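Take a look at the structure below.
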Amino acid sequence: MAERISPRTGRAFELKRGRTLTVIDPHGEQVSDMLAFCAADHREHLSSGRSIDYAGRIFLTTGDALYSNRSRVMLRIVEDTVGRHDFLLTPCSAEMFRIIYGHEQPHRGCQGNFEEALAPFGIGSDAIPVAFNIFMNVQIDADSGRIAVMPPRSRAGDRVTFAAEMDLVVALTACSAPQSNNGSFKPIDFEIGAAP
Ligand SMILES: [Zn+2]
């Protein structure tokens, strides 16, 4: 049974080694930011830099591993029906909405949703790294490095499945940034399963 994350909210939960996590976009064009922390020591967390370095690519998909800051595999992508996700940009936040969008009463964004969801696990705001931004479609100009956030390529029912290679605390959001989600905020579904 899939669980639903309401638009512009987040959730955190334990994911045991050997289990799978499937993240589903039920309506299409909706990003879900994902964080992972080692359950035994929260100072070990998802590392964008190490994962990109070891893959030799900035776009990760089926077969690729998501590494920790201690260079251990946390999660492996075992299924991916979209093939375009971002692992460069930080979670959207109130500050980001002020700086990029000029919002005067900004939403707390994925950052604020992560902080609330992770507080019961004793994980604070400064411990939140770059998230794996599922379904986020960032186009990059190879020469200038200029980035453009485009609508997600995901359609209703598209999914990504990760296999956990250590006991984890995982956090997921239904992203709150207008640009990342083609201007509207939708829910995200997720399902925890047995090992493949
Ligand atoms: Zn977001």
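Start at 1 and go down the list; that is how both ligands and their atoms are numbered. Predicted model, so just to flag it, every value in this text is computed and none were measured.
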*Less than 4.0 Å between a side-chain N and a carboxylate O, is that true for Arg153 and Asp158?*
no
*Below 4.0 angstrom, N of the basic side chain to O of the carboxylate: do Glu165 and Arg76 qualify?*
yes
*Are Arg50 and Tyr67 in a cation-pi setup, meaning NZ or CZ lies under 6.0 angstrom from the ring centre and within 45 degrees of the ring axis?*
no
*Any side-chain donor-acceptor pair under 3.5 Å between Gln139 and Asn137?*
yes
_For Arg108 and Asn113, which I'm curious about, is there any donor-acceptor pair between the side chains at under 3.5 Å?_
yes
_2.8 Å shell around the Zn ion (ligand 1), exclusive bound, protein N/O/S atoms_ = 3
*Would you say Phe13 and Val169 make side-chain contact, with heavy atoms under 4.5 Å?*
no
